[in-house]
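Each chain gets a letter, A, B and so on, in the order the sequences are listed, and its residues count up from 1.
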Amino acid sequence: MENADVAQVLYDMGAMTEVIGGNPFKVRAFRQAAEVIDTLPGPVSELWRKDELTGLPSVGTRIADKIGEILESGTCEEYEELAAEVPMGVLELLRIEGVGPKTVASVWKELGVTDLDGLEDAIDSGRLKEVPRMGPVRVRAIRKAIGRYRARGGRMPLHRALYYAEGILGRLRRVPGVIRAEAAGSLRRRRETVGDLDLLIASERPGPVMRAFASLPDVDEVIARGDTKSSVRLEIGLHVDLRVLPPESFGAALHYFTGSKNHNIAIRTRAVRLGLKLSEYGVFDREGNRLSGEREEDVFEAVGLPWIPPELREGTGELEAAEAGKLPHLVTEEDLLGDLHVHSDTSSDGRSSLQDLWREAKGLGRQYLAITDHSRSRPLGLEPKALLAHAKEIRAASKKFQGGPKLLAGVEVDILPDGSLDLPADVLGSLDWVVASIHTHFDDPPDRITARMVKAIESGVVDAIGHPSGRLIGKRDPYSYDLEAVLDAARAHGVALELNAMPDRLDLTDGGCRLAKEAGVPVVIDSDAHVSSHLSLLRFGVWVARRGWLEKEDIVNTRPASRLRETRRGEAAREERK
DNA sequence: GCCGTTTTCGGCCCGACTGTTTTCAGTCG
């Protein structure tokens with residue numbers, strides 16, 4: 001039973017309670033508890049075992065009991081009662097844009113609609129119009145929304161969302177009267193995927209901005225258009241919201257629309273306790289007098305807190321940390337001195353030469369670069385002899401190229417199905433950096449995958465475990481394994497876990513980073529570059545690390561080249577320190 | 001259902017926009 005499964009039961013209970021018109025605050029309680037469980041860095045079962053569930057925010061004794069039931073049996077009594085009343089298909093209707101709990105209740109109770117197909121039938125037969133407050137415009141909108149729901153493939157990866165956001169912001173910044181234009185929302189929090197774009201404009205004259213926004217070249221449909229707020233959908237399917245605010249409100253708005261929702265509720269509740277009111281327009285006192293709001297810092301100052309970086313604003317303890325003066329000093333891209341997982345054209349899938357990689361890394365100000373091509377079991381991977389020759393070539397090149405990063409001779413060695421490594425230990429031991437990764441048998445049972453990784457860690461010749469979960473966002477699920485057991489082994493041997501910065505990997509996740517930090521396991525942020533232009537992608541890894549509360553000291557490649565192996569407790573490192 | 005430096009009861013963040021209405025409910029963020 002994974003955290004996500006427990007969370008799903010709670011999410012569904014919230015939705016079912018909402019559809020049957022239950023207490024809205026109870027609905028919110030279910031949802032908040034679900035979100036907490038869903039984003040928990042460690043397994044919820046562990047907290048349950050230690051009877052510490054009620055220590056979590058938004059989890060009281062009642063929900064803690066339900067979580068216990070769910071962990072033991074996969075469900076709970078109240079869930080079963082709700083599920084007996086509300087058909088599951090009804091919950092899916094809530095995911096249709098423009099369809100909320102009231103509409104769902106109406107079509108279900110009055111028309112007998114219990115799933116998406118039923119809703120489409122009701123539209124086609126004209127029965128949907130019988131529902132109160134349902135006119136032709138809404139019926140058409142719902143029909144279109146169903147089509148989009150069926151077609152859409154989920155959230156957009158961060159790197160693509162950033163690309164579109166920058167394009168739109170660039171155009172809006174040229175509109176007369178625009179003082180500032182920024183992206184907020186999950187994009188600003190640097191979540192790995194983004195559902196829609198939230199853009200904010202500071203201007204005294206909203207009119208021209210709204211006109212420019214609605215007439216952007218790739219707008220497919222204008223969904224809403226008001227004086228200060230508009231929504232459009234781009235041809236690629238991305239939903240974009242735009243708000244225009246006066247400059248004196250911009251900071252408050254930036255804070256509010258950056259979220260997350262849980263963070264906002266927590267900080268507004270805190271404001272209420274202090275006799276203040278927060279809105280996207282500013283900070284107000286009891287009489288409604290505006291106190292501040294031009295800068296985002298104003299909002300935090302008003303509630304007695306230091307500014308909190310957007311990546312931390314998930315409602316997972318950042319307010320408490322800020323209050324205690326214990327916010328982490330988050331790692332920055334500038335802190336990274338090198339890159340320890342890079343492929344050259346010597347391995348089958350690398351496309352850039354040593355010189356190209358070196359030149360690109362020099363431009364990025366890197367001090368070192370480990371060339372880590374694939375081992376022999378990968379197609380065209382390197383046999384021991386070829387690898388040793390390659391290492392010689394890398395070291396020679398490093399001497400020859402002057403005034404740039406040092407090139408380190410490394411390898412990305414396969415962890416074979418039995419957990420052994422794809423190259424002899426003496427060959428691996430002669431290299432400057434060894435990344436060990438799983439590239440095959442992803443479907444092994446979890447204990448086998450775990451055992452493979454642990455065995456690799458215990459080999460004494462491995463510096464880091466590459467892309468630990470093997471996931472490809474939107475394409476391949478992570479393989480199941482026991483991260484805690486891997487972290488235990490990694491700590492014991494001083495082996496690092498990789499945070500692979502490729503935008504479709506981002507593996508470790510933010511939650512995994514937090515666990516690694518708690519376990520005292522170093523993290524290495526790598527590009528896994530297969531072409532020289534990939535070297536700049538490290539920033540995506542930095543954002544995940546920041547979301548995982550990591551500081552400079554937690555990251556291996558913030559150290560100079562001479563100190564990379566100082567936390568390793570394997571044989572090779574001991575040899576080296578002699 | 002959660003929560004507490006006014007509270008263990010009685011609150012629970014706040015506002016814009018739309019479509020359907022003659023004043024507002026529903027949805028969204």
- [ ] Keeping to residues at least two apart or across chains, list the salt bridge (charged side-chain N to carboxylate O under 4.0 Å, His left out) pairs with something in residues 51-63 of chain A.
- [x] none

Task: Residue pairs involving residues 258-272 of chain A (criterion salt bridge (charged side-chain N to carboxylate O under 4.0 Å, His left out); sequence neighbours excluded) - done: R268(A)-E280(A), R270(A)-E323(A)

Atom pairs and distances, donor-acceptor, side-chain atoms in residues 163-188 of chain A, under 3.5 Å, two or more places apart:
unit_1: Y164(A); atom_1: OH; unit_2: R160(A); atom_2: NH2; d: 3.3
unit_1: R173(A); atom_1: NE; unit_2: A181(A); atom_2: O; d: 3.3
unit_1: R173(A); atom_1: NH2; unit_2: A181(A); atom_2: O; d: 2.6
unit_1: R188(A); atom_1: NH1; unit_2: T258(A); atom_2: OG1; d: 2.8
unit_1: R188(A); atom_1: NH1; unit_2: E296(A); atom_2: OE2; d: 2.8
unit_1: R188(A); atom_1: NH2; unit_2: E296(A); atom_2: OE1; d: 2.9

Could you measure between the two [atom1] atoms, the one in [N] and the one in [M], and give it in whole Å?
{"N": "dC13(B)", "M": "dG29(B)", "atom1": "C1'", "answer": "12 Å"}
{"N": "dT7(B)", "M": "dC3(B)", "atom1": "C1'", "answer": "10 Å"}
{"N": "dG10(B)", "M": "dT6(B)", "atom1": "C1'", "answer": "13 Å"}
{"N": "dC9(B)", "M": "dC14(B)", "atom1": "P", "answer": "25 Å"}
{"N": "dT5(B)", "M": "dA16(B)", "atom1": "P", "answer": "31 Å"}
{"N": "dC28(B)", "M": "dT20(B)", "atom1": "P", "answer": "15 Å"}
{"N": "dT8(B)", "M": "dC12(B)", "atom1": "C1'", "answer": "15 Å"}

I need the [atom1]-[atom2] distance between [X] and [N], as an integer number of Å.
{"X": "I223(A)", "N": "dA16(B)", "atom1": "CD1", "atom2": "C1'", "value": "15 Å"}
{"X": "F30(A)", "N": "dC3(B)", "atom1": "CZ", "atom2": "P", "value": "14 Å"}
{"X": "K102(A)", "N": "dC24(B)", "atom1": "NZ", "atom2": "P", "value": "16 Å"}
{"X": "I142(A)", "N": "dG19(B)", "atom1": "CD1", "atom2": "C1'", "value": "11 Å"}
{"X": "L274(A)", "N": "dG4(B)", "atom1": "CG", "atom2": "C1'", "value": "14 Å"}
{"X": "L53(A)", "N": "dC3(B)", "atom1": "CG", "atom2": "P", "value": "12 Å"}
{"X": "E35(A)", "N": "dC2(B)", "atom1": "CD", "atom2": "P", "value": "15 Å"}
{"X": "D12(A)", "N": "dG1(B)", "atom1": "CG", "atom2": "C1'", "value": "17 Å"}

Task: E333(A) (side chain) donor-acceptor with V542(A) (main chain) under 3.5 angstrom - done: no

Open item on the list: Partner lookup for dT8(B), please. Criteria are Watson-Crick or G-U wobble with both distances under 3.5 angstrom; report none if nothing qualifies.
Closed with: none

- [ ] Would you kindly compare A29(A) and T228(A) by the position of their nearest DNA chain B nucleotide and give the one closer to the 5′ end?
- [x] A29(A)

- [ ] Within residues 105-139 of chain A, find the residues that approach DNA chain B with a heavy atom at under 4.0 Å, and present them sorted by residue number.
- [x] R133(A), M134(A), G135(A), P136(A), V137(A), R138(A)

TODO: Check whether any side-chain heavy atom of D504(A) sits under 4.5 Å from a side-chain heavy atom of P157(A), and report yes or no.
DONE: no

Task: Beyond-backbone contact of V244(A) with S203(A), side-chain heavy atoms, under 4.5 angstrom - done: yes

Using a 4.0 Å heavy-atom cut-off, does [X] contact any base of the nucleic acid, only the sugar-phosphate backbone, or nothing at all?
{"X": "P24(A)", "value": "nothing"}
{"X": "S231(A)", "value": "nothing"}
{"X": "V99(A)", "value": "sugar-phosphate"}

Open item on the list: At under 4.0 Å between heavy atoms, how does the protein contact nucleotides 5-15 of chain B? Give one character per nucleotide, 5' to 3', with B, S or -.
Closed with: -------BBBS

Open item on the list: I want to verify the glycosidic state of dT7(B); is it syn or anti under the 90° rule?
Closed with: syn

TODO: Heavy atoms only: give me the nearest A252(A)-Y281(A) pair and the separation to one decimal.
DONE: CB-C, 4.1 Å

Task: N289(A) CG: over 12 foreign heavy atoms closer than 6.0 Å - done: yes

Task: Selection residues 102-111 of chain A - residue pairs positive for side chain to side chain donor-acceptor pair (under 3.5 Å), sequence neighbours left out - done: T103(A)-R138(A)

- [ ] Flag the pair R150(A) and D117(A) as a salt bridge only when some basic side-chain nitrogen lies within less than 4.0 angstrom of an acidic carboxylate oxygen.
- [x] yes

TODO: State plainly whether the residues R49(A) and E46(A) are in salt-bridge range, i.e. N to O under 4.0 Å.
DONE: yes

